[in-house]
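To keep things clear, I will list the structure first and then write my remarks on it.
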Amino acid sequence: MNSDVLAALGGVGLFLIGMQMLSGGLRALAGDKLRALLARFTRTPLSGAVTGAAVTALIQSSSATTVTAIGFVSAGLLTFSHALGIIFGANIGTTITGWLVAILGFKLDLGQTVLPLVLVGALLQLLGRGGWARFGQALAGFSLLFIGIDAMKDGLEAFEGVVTPRDFPEDTVWGRLQLVGIGVLITLVTQSSSAGVATALAALGAGAISFPQAAALVIGMDVGTTFTALLATVGGSTMTRRTGVAHVIYNLMTGVMAFLLLPVASALFLRASPDPQIALVAFHSAFNFLGVVLVLPFATPFARLIERIVPASGAAMTRRLDSAALAVPTLAVRAAADTVEVMARTLARHVAAGLGDAAAARADSGWRSEDFDTALLETRNYLREIHARDLAEGEIDLEEASFHVLDHLRRLHFRCGQIGRLKVIRETRELRPYGQELAKLSQGLAESGASEAMTQEFDGYRRRLREVRRSLRGTLVEQAASGKIGHEEAAARMDALRWLHRSGYHLWRIALHLAETRSDETPDTVPEPPSAEAAAGPVVQS
């Protein structure tokens, strides 16, 4: 009897390893194609749910689908309500595993048949390269699934007639609640609802539990996945925490609905399919499908509710830098590029305010120099964490352009701390027009973002200032020598003129590299720089 218990436990272990290998291999094989499908076909919460279900069914990993959805929102490619559609759909996609287990594992009994495929998959993974190695990993994982199911079946068959439904809580409201709790515990231990469903199917096939008991267990397993989602949100970004809370609330609502329908569903599904195992996976898919159908019409209000429960936190400029998106480098580099643009527009507005632009000064009242320093550091560190080897050529260019912008932002930010030179520009008749021109250009960058035309305007400005520096330097020297102005005043004006020229140069390079980060695929929804309210705090001058 002990050996049978060990065999059943070992079967669960093999199943878990198989699931990890299968989903890992399929994700690697799919690469960016499935991510592109998610982005392309998610136009509404409904299309997101359909696409999320299909992608999850193909790659056998709801967590990978969810992380991708989080990355899309962080990169500004999707709204949160659309991403919720993907997450809801992923719940349907995960039920496909139950169908594979029930049909291929229990009905066709592939455990012995697939044994040679483990060797084939292992050899392909060890000796193959690229796609062949990934295919080998997926093939070996797929085979281990059914070997694990065989071990579970053999182990539990020994308990046939020994362990019966009577040994489990009775089919009453309290008994079903206890079984739901057991299902939650199984998921917490295995960290996989698919493994839990496979165990329930094996126990149902061995006659150890009845259909209503198995259905209550499956409901608990679905609810149990929410605890994993909650743990994943600890210390996470705003989007990660919102996704985790949305997952918890949605699964709890779906679980309550399934629990209330359980008496009717038991009779209905057993009548539709005399095979209790097929009836169980049909019930699992049906209540997940019904939950999605009921919640999708309210996806936008649901998203607003979650946003109220989990308000935005962290620095306004760097909220897009979601650590979850680092698992998808393509999305992470886009999020970083958009963050860099927000920072550039924020600093451009601060430059305009410093040069005397009244509208910019009103919007810039909450500027904090140390906040910008922190944002520079966080963004640079985030970019460094992105694995460049996983990026396409165009994405590597995007990453390099973002680093260039950050470098010029750092230099320009340092110049913004030279308050004395800004004052000289505002108060000197000869310099004031050039300051006003740079303020106008900077405010244009802050309001509209970078463009090729704006890049040319900044380039023209810094070229003119280079000539102005040469001509005015001589004039200032003559005025100082003749006693019209003091030597210190002449030096201050030359420093201020140099400030205008160098700041114009940095703004030109910032606009130039920002234009490189914009592409046809970049949405026109790059957020405005943080408002005064979002970045409230005293003005700090460095």
Side-chain angles (χ1 to χ4, degrees), residues 4-5 8-9 11-12 15-16 91 94-95 97-99 101-102 106 149 152-153 155-230 247-273 275-291:
D4 296 319
V5 173
L9 293 175
V12 175
F15 185 93
L16 288 170
N91 274 33
T94 55
T95 66
T97 307
W99 287 98
V101 170
F106 287 96
I149 291 168
M152 275 192 280
K153 282 194 304 181
L156 291 176
E157 279 175 2
F159 295 93
E160 192 168 353
V162 178
V163 178
T164 67
R166 293 180 182 178
D167 298 306
F168 289 86
E170 296 179 0
D171 189 21
T172 61
V173 174
W174 172 239
R176 290 173 197 156
L177 283 172
Q178 289 178 280
L179 287 164
V180 168
I182 293 171
V184 170
L185 287 174
I186 290 173
T187 304
L188 288 177
V189 171
T190 62
Q191 291 293 296
S192 169
S193 60
S194 296
V197 171
T199 306
L201 286 168
L204 184 61
I209 55 176
S210 64
F211 179 85
Q213 290 171 325
L217 285 171
V218 168
I219 293 171
M221 291 163 189
D222 249 43
V223 173
T225 60
T226 64
F227 289 93
T228 305
L230 269 182
H247 191 236
V248 169
I249 294 175
Y250 167 73
N251 274 37
L252 285 174
M253 291 192 303
T254 305
V256 170
M257 176 196 68
F259 186 83
L260 294 175
L261 295 176
L262 186 54
V264 178
S266 295
L268 182 65
F269 282 96
L270 283 174
R271 187 178 302 168
S273 174
D275 187 324
Q277 291 174 318
I278 297 297
L280 183 62
V281 293
F283 170 73
H284 188 208
S285 294
F287 79 74
N288 273 285
F289 178 78
L290 182 59

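Quick caveat: nothing in here was measured; it's all calculated off a predicted structure.
Of all the heavy atoms in Leu188 and Gly224, the pair that sits closest is CD2-O, 4.3 Å. Of all non-hydrogen atoms in Leu262 and Ala215, the two that sit nearest each other are CD1-CB, 3.4 Å. Nearest heavy atoms, Ile186 versus Gly196: CG2-CA, 3.9 Å.
Side-chain contact between Asn91 and Phe289: absent, with no pair of heavy atoms (C-beta onward) separated by less than 4.5 Å. Using a 4.5 Å heavy-atom threshold, the side chains of Leu290 and Leu261 count as touching. You'll find the side chain of Val197 stays beyond 4.5 Å of the side chain of Val101, heavy atoms only. In this structure the side chain of Val281 never reaches within 4.5 angstrom of the side chain of Thr95, judged on heavy atoms. A 4.5 Å side-chain heavy-atom check between Leu217 and Leu179 finds at least one atom pair inside the cut-off.
A distance-only check finds a donor-acceptor pair linking the side chain of Gln277 to the backbone of Leu201 [under 3.5 Å]. Distance alone, capped at 3.5 Å, places no donor-acceptor pair between the Ser285 side chain and the Ala282 backbone. Under the 3.5 Å distance criterion, the side-chain polar atoms of Gln213 are matched with a main-chain donor or acceptor of Pro169.
A donor-acceptor pair shorter than 3.5 Å cannot be found between the side chains of Thr254 and Asp222.
Of the options Asn251, Thr94, Thr187, a side chain to side chain donor-acceptor pair (under 3.5 Å) to Thr225 is made by Asn251 and by none of the others.
If you take CG on Leu280 and CD1 on Ile209, they are separated by 7.5 Å, rounding to the nearest 0.5 Å. A distance of 5.5 Å separates OG of Ser194 from CZ of Phe15, quoted to the nearest 0.5 Å. Between the CG atom of Leu270 and the CZ atom of Phe211 there is a distance of 5.0 Å, given to the nearest 0.5 Å. Note: Leu252 CG to His247 NE2 = 10.0 Å, rounded to the nearest 0.5 Å.
Pairs passing the salt bridge (Lys or Arg N to Asp or Glu O under 4.0 Å) check and including a residue from residues 174-184, sequence neighbours excluded, read Asp171-Arg176. Residues in residues 251-271 take part in these ring-ring contact (aromatic ring centres under 6.0 Å, His included) pairs, two or more places apart or across chains: Phe269-Phe283.
When the side chain to side chain contact (heavy atoms under 4.5 Å, CB included) test is applied to Val12, the partners found at least two apart in sequence or on another chain are Leu16, Met152, Thr190, Thr199.
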